[in-house]
Asks: 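Questions regarding the structure given below will be posed in turn.
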2 protein chains.
Amino acid sequence: MKKITIGEAARRSGVKVPTVRYYESIGLLAAPSRSEGNQRSFEPADINRLTFIRHARELGFEIEAIRTLLTLQDDPHQSCASADAIAKARLVEVEQRIRSLMALKAELETMVEGCGHGRVDQCRVIEVLADHGQCTHPHH
Amino acid sequence: MKKITIGEAARRSGVKVPTVRYYESIGLLAAPSRSEGNQRSFEPADINRLTFIRHARELGFEIEAIRTLLTLQDDPHQSCASADAIAKARLVEVEQRIRSLMALKAELETMVEGCGHGRVDQCRVIEVLADHGQCTHPHH
DNA sequence: CCTACATCCTCTAGCGACTAGAGGTGCAAG
DNA sequence: CTTGCACCTCTAGTCGCTAGAGGATGTAGG
């Protein structure tokens, strides 16, 4: 079997080198075997695991959620109810975040549109921040 | 003039007590005068400043951006071009974040819908994470 | 005046998920 | 054999707070 260095693992998985070491340090990835010169030597399975982690992180799952998802993946005969629950919870979070960002977007647009590019004392950006009563969307 | 304690300032501005002290420590808020017993004594202007900061934070502005906005507010004869640029940049960020979250939402929905609530080896949640080629939206 | 009790003070450490840098070793090509 | 990159460990820093220890102050009731 050919040895996969950490740099190679990083390139194949899309996870940065220091981040791979970090994942090992927090026990998300098992410590790989070492070469004679003490360098990490990864297996193809490690690349899959790293890729899984990267995808999950890109979808905004927290490390602890990923830890749970990984233990599920490691034992494929378990019920997938936990995985389902984790994904559903994440979906709810994302939907809330979208709603809040949409309100925010509207408010920023009002600020930017109202700005006559003159002096600060006529600037709507500063004005809205200073007096929240002017918010068009009193969401907070 | 009546003295405003840190607790009162926190209540009026909506910023928590330790956060007020934190803002002072990073120089976002001038150190207020102290009572005989070394307790902070705020002015009404401090409440306004804290409220400004809170609004800006709620809109997702970073501390350094707020620092700039505050120096603009302190000198109302300046051009508001900087404030305008900061708000516009923030708007662009928010719009990008919304787009990315919408793609993410679609992907999570596919995962959750596809889950037959059976065993892990048939679970679409795990499957999609393990093999990103299955993503309906190849946004990343 | 004394006693509770809330509020205040400073200081340090912790959160999540990395990222950066120092200072040193291994390894492959020319 | 030397150059130079990739690797190693370790510590500290990032952002914006938050929590807790351990002690001082301020206020209201008895």
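A, B, ... follow the sequence lines: proteins, then strands. Residue 1 opens every chain. Atoms considered below: every heavy atom in the structure, side chains included; atoms not considered: hydrogens, waters and symmetry mates.
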Asks: What is the separation between atom CZ on A:R67 and atom C1' on C:dA17, rounded to the nearest whole Å?
Replies: 12 Å
Asks: Quick one, A:V17 and A:R21 - any side-chain contact, counting heavy atoms below 4.5 Å?
Replies: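 Yes. Closest side-chain heavy atoms under 4.5 Å.
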Asks: Looking at every strand, decide which applies to B:R40 at a 4.0 Å heavy-atom threshold: base, sugar-phosphate, or nothing.
Replies: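 Answer is sugar-phosphate: B:R40 comes under 4.0 Å of backbone atoms only.
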Asks: If you assign each of B:S35 and B:F61 to its closest nucleotide in DNA chain D, which residue comes earlier from the 5' end?
Replies: B:F61
Asks: Just by distance, do the side chain of B:R49 and the backbone of B:L29 share a donor-acceptor pair under 3.5 Å?
Replies: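 Answer holds: no.
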Asks: From C-beta outward on B:I63, which listed nucleotide comes closest to its side chain: C:dC9, D:dG16, C:dT19?
Replies: D:dG16
Asks: Starting at atom CZ of B:F42, determine the distance to atom C1' of C:dC9, rounded to an integer number of angstrom.
Replies: 12 Å
Asks: Whole angstrom is fine here: how far is it from CD in A:E8 over to C1' in D:dC7?
Replies: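 Value for this atom pair: 14 Å.
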Asks: When you get a sec, tell me which of D:dC8, C:dA28, D:dC7 is the closest nucleotide to the side chain of A:R34?
Replies: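 My answer, after comparing the listed nucleotides, is D:dC8.
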Asks: In whole Å, I'd like the distance from the CD1 atom of B:I4 to the C1' atom of C:dT7.
Replies: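 Roughly 16 Å, once rounded to whole Å.
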Asks: Considering only side-chain heavy atoms of A:Q39, which listed nucleotide, D:dC17, C:dT19, C:dC27, is closest?
Replies: C:dC27
Asks: Rounded to whole angstrom units, what separation is found between the CZ atom of A:R11 and the C1' atom of D:dC7?
Replies: 13 Å
Asks: Is the phosphate of C:dC9, meaning OP1 or OP2, less than 4.0 Å from a side-chain N or O of B:R21?
Replies: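 B:R21 to C:dC9 OP1/OP2: side-chain N or O found under 4.0 Å.
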Asks: Among C:dT19, D:dC8, C:dC18, which nucleotide sits nearest the side chain of A:N38?
Replies: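 For A:N38, the side-chain atoms sit closest to D:dC8.
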Asks: Do the side-chain N or O atoms of B:K16 get closer than 4.0 angstrom to the phosphate oxygens (OP1, OP2) of D:dC17?
Replies: no
Asks: Is the number of heavy atoms from other residues, nucleotides or ligands within 6.0 Å of CD (B:E62) greater than 12?
Replies: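 Open: at most 12 neighbouring heavy atoms sit under 6.0 Å from CD of B:E62.
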Asks: Measure from CD1 on A:I26 to C1' on C:dC15 and round the result to the nearest Å.
Replies: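 Result: 13 Å.
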Asks: Quick one: which of C:dT19, D:dC7, D:dT18 gets closest to the side chain of B:Y22?
Replies: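 Selected nucleotide (nearest to the side chain): D:dT18.
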Asks: Among D:dG16, C:dC9, D:dT9, which is the nearest nucleotide to the side chain of B:E62?
Replies: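 Closest nucleotide among those given: D:dG16.
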Asks: What integer distance in Å separates B:R54:CZ from D:dG16:P?
Replies: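 Roughly 17 Å, once rounded to whole Å.
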Asks: Here's a test of your reading of the structure: between A:E36 and A:R57, which maps to the more 5' nucleotide of DNA chain C?
Replies: A:R57
Asks: Please determine, for the side chain of A:V17, which listed nucleotide (D:dC7, C:dC18, D:dG26) has the closest atom?
Replies: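 Of D:dC7, C:dC18, D:dG26, D:dC7 is nearest to the side chain of A:V17.
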Asks: Would you call B:R12 and B:E8 a salt bridge, using N to O less than 4.0 angstrom?
Replies: yes
Asks: Do NZ/NE/NH1/NH2 and the carboxylate oxygens of A:E58 and A:R54 come within less than 4.0 Å?
Replies: yes
Asks: What integer distance in Å separates B:E58:CD from D:dG16:P?
Replies: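 Computing the B:E58:CD to D:dG16:P distance gives 15 Å.
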Asks: Using OP1 and OP2 only, check whether a side-chain N or O of B:Y23 sits under 4.0 Å from D:dG16.
Replies: no
Asks: Between A:S13 and A:A9 (side chain of the first, backbone of the second, donor and acceptor by atom type, cut-off under 3.5 Å), is there such a pair?
Replies: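 Yes: the side chain of A:S13 pairs with the backbone of A:A9.
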Asks: Report the nucleotide, chosen from D:dT25, C:dA17, D:dT18, that has the shortest atom-to-atom distance to any side-chain atom of B:P18.
Replies: D:dT18
Asks: So if I take every side-chain heavy atom of B:T19 and compare against C:dC8, D:dC17, D:dC8, which nucleotide ends up nearest?
Replies: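 Nearest to the side-chain atoms of B:T19, counting from C-beta on, is D:dC17.
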